[in-house]
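The structure appears right after this line, and notes come after that.
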Number of protein chains: 2
Amino acid sequence: MPASSNAISNKTISELRPNIVLRGSRQREHWAAVDERLVPTKPNPAIRKLERLVALSAADREWLERVEAEARPVSARTDLMSEGSDPDGAILILEGIACRHKHRANGRRQITAYLLPGDVSDLEAVFQDRMPQGVSTITPCRIARLSPRTLSESVHQSQALSQAARILSLIDEATYGEWLLNLGCRSGVERLAHLICELFHRLRAVGLTTGNSFSLPVTQLDLAHTLGLSGVHTNRSPQELRHQRVIRLAERRLTILDLPRLTAIAEFDPSYLNLAPGGG
Amino acid sequence: MPASSNAISNKTISELRPNIVLRGSRQREHWAAVDERLVPTKPNPAIRKLERLVALSAADREWLERVEAEARPVSARTDLMSEGSDPDGAILILEGIACRHKHRANGRRQITAYLLPGDVSDLEAVFQDRMPQGVSTITPCRIARLSPRTLSESVHQSQALSQAARILSLIDEATYGEWLLNLGCRSGVERLAHLICELFHRLRAVGLTTGNSFSLPVTQLDLAHTLGLSGVHTNRSPQELRHQRVIRLAERRLTILDLPRLTAIAEFDPSYLNLAPGGG
DNA sequence: CGAACTTTTGATATCACTCAAGGGACGTGG
DNA sequence: CCACGTCCCTTGAGTGATATCAAAAGTTCG
């Protein structure tokens, strides 16, 4: 089918300047409005998450609620911190999806972690003067900034909160290990399966799943930059899982049709996420 | 050249059972005896390392020396902690090289970090009950075990030491980020170049380099498991760097012939290692 | 309807893997 | 002392997975 060519690929633009706020945030505004919408209701997702790890005092809970009240909306594809800059506060995600990432000189980027509602990024790093990684939103988010002062005054004063911070950093470390294993040893399909499992368990822990399905408003290019694959190949991997009836992916919503199978493909063991108390 | 075949490849054995203590530690005993020998002399390498990060008190220094006195030798290819087990103490390396690693069900392994003299592994993780990663020696080592009790009594009581622990964990995190970028975005040669740069800077920081050369007593298979490449390919990558006169690798000793070139290939920026005060 | 972005598909190229074999270094045992 | 085994490094050849290039079709928004 020879055709008139007017569609010019400009993938390279987004590859070379992936985080400058210039891309269609308008288009993505609605993504967050699908289903659970990554918008947890009553319980602050951070409280929900931390309660699995430690016993929060009434004061801790109150503080977290105050923090939430001060959160502000941020549109999609916005830099919250850039690589190499001086940080101006840890980031608590209350709604939406963000990520940590690094860049190569040639513009290629690698996503090194996903930040979901209830996650905090760089609790300790804010005391340094140079962020080794950047943080950007993927979807529109609601976030709270925790200044170094706030952290020393509140988090470091509370037994439970500083204990939680230590555990969170261990979870981060364990997650990095899993991702390294993923990139170093697994095939494209296996990597994708593993990522889906991780996101599923983490989202479920903060009540953002419905049965075996959840909203997944990330582009294939985001996935590619996460899995260390090309964009095209990242298109073909899910297709294989779909044809095998393991997952369904439609309208930016992912449904796991065969969780045991998916878990087996990924060799996924959720224990590194420390979600035990409410894992089911 | 057709020849009588008696040499049978049994790589698979070492791939499938990589950490059970069965392999030629005899042969490797001498590796650690080359040149600087990964055997720092006067200043305890941990003291040396920590002094770059924080101001140690006399008591801190004394404690570190006492710890060193209790260190014991461990032969090559020995498990110090196994994946999934209950830890019985953080590990301080005083001589030799060890690594953290993870395994897949099919036996493939991924090295997730190198532990060099002066490094501590799992300072915080020992308070958990399940190690997400295993730790094994690569060469013969001298190590000290820090029990959870020791840690709460000494490290957590000292301002400087607990500050150092936080910084070390940040460095670990930054290093994981670099490795993810490595595996996700870089070619085989680039990955190797990056690893060499990292090891060079870290070893130099504890005085284990001579000019631009250092002892590198790891097998190509170790490197392969670090870089996410096959053993064969890991053989060809250094060759390329050698032919370009960037490095020299002989007798388990690596010499950097063209550091600027190597740094450029790797896009290496040592700032994530926090070695600034004595980087040169 | 057109612009921008994303997803999908096809065709080709290439990097890295696997299989296979030989060689060197070192230690072991007859 | 020499034959042999083991481990590691090296090389060659063929294959496969993934990247790259190119283009079209579907979405969403203006």
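Keep in mind that this is a model prediction, so the values were computed, not measured. Within every chain, numbering begins at 1; the chains are lettered A, B, ... in the order of the sequence lines, protein sequences first and strands thereafter.
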key: Check: D79(B) side chain, S82(B) main-chain N or O, donor-acceptor pair, under 3.5 Å   = no

message = Using whole Å, what does the distance between atom C1' of nucleotide dT20(D) and atom CG of L229(A) come to?
response = 14 Å

inquiry  = Using OP1 and OP2 only, check whether a side-chain N or O of R236(B) sits under 4.0 Å from dC17(C).
reply    = no

inquiry  = Please determine whether a side-chain nitrogen or oxygen atom of R186(A) lies at a distance below 4.0 Å from atom OP1 or OP2 of dA17(D).
reply    = no

Nearest-neighbour nucleotide for the Q239(B) side chain, dT18(D), dT10(D), dA16(C) considered = dT10(D)

key: Atom-pair distance (NE2 on H233(B); C1' on dT15(D)), nearest Å   = 15 Å

query = Base, sugar-phosphate alone, or nothing: which one does R242(B) contact when heavy atoms must sit under 4.0 Å apart?
reply = sugar-phosphate

Rounded distance (Å) that lies between atom P of dA17(D) and atom CG of L227(A) = 18 Å

query = When the distance from CZ of R191(B) to C1' of dC17(C) is rounded to whole Å, what number comes out?
reply = 13 Å

message = Students often get this wrong, so: under 4.0 angstrom with heavy atoms, is G231(A) touching a base, only sugar-phosphate, or nothing?
response = nothing

message = Quick check on dC7(D): is either OP1 or OP2 less than 4.0 Å from any side-chain nitrogen or oxygen of Q220(B)?
response = no

query = What integer distance in Å separates E240(A):CD from dT9(C):P?
reply = 13 Å

request  = Let me know the distance between CG of L192(A) and P of dT18(D), rounded to the nearest Å.
outcome  = 12 Å

request  = Could you please name the option among dC17(C), dC21(D), dT18(D) that lies closest to any side-chain atom of V232(A)?
outcome  = dC21(D)

remark   = When R104(A), K102(A), R108(A) are each screened for salt bridge (Lys or Arg N to Asp or Glu O under 4.0 Å) with E267(B), the one that passes is R104(A)

key: Length of the line joining L221(B):CG and dC9(D):P, which is rounded to integer Å   = 8 Å

message = Applying side-chain hydrogen bond (donor to acceptor under 3.5 Å, both in side chains), can you list everything that pairs with E198(A), at least two apart in sequence or on another chain?
response = W179(A), R202(A), Y272(A)

key: Any side-chain heavy-atom pair of I97(B) and L116(B) under 4.5 Å   = yes

Distance below 4.0 Å between N235(A) side-chain N/O and dT8(C) OP1 or OP2 = yes

note = What one should report as the nearest heavy-atom pair of I256(B) and F200(B) is CD1-CG, 3.7 Å

remark   = To the nearest angstrom, the CZ-C1' distance between R252(B) and dG24(C) comes to 12 Å

message = Side chain of S230(B), heavy atoms from C-beta onward: which of dT18(C), dA16(C), dA19(D) has the nearest atom to it?
response = dT18(C)

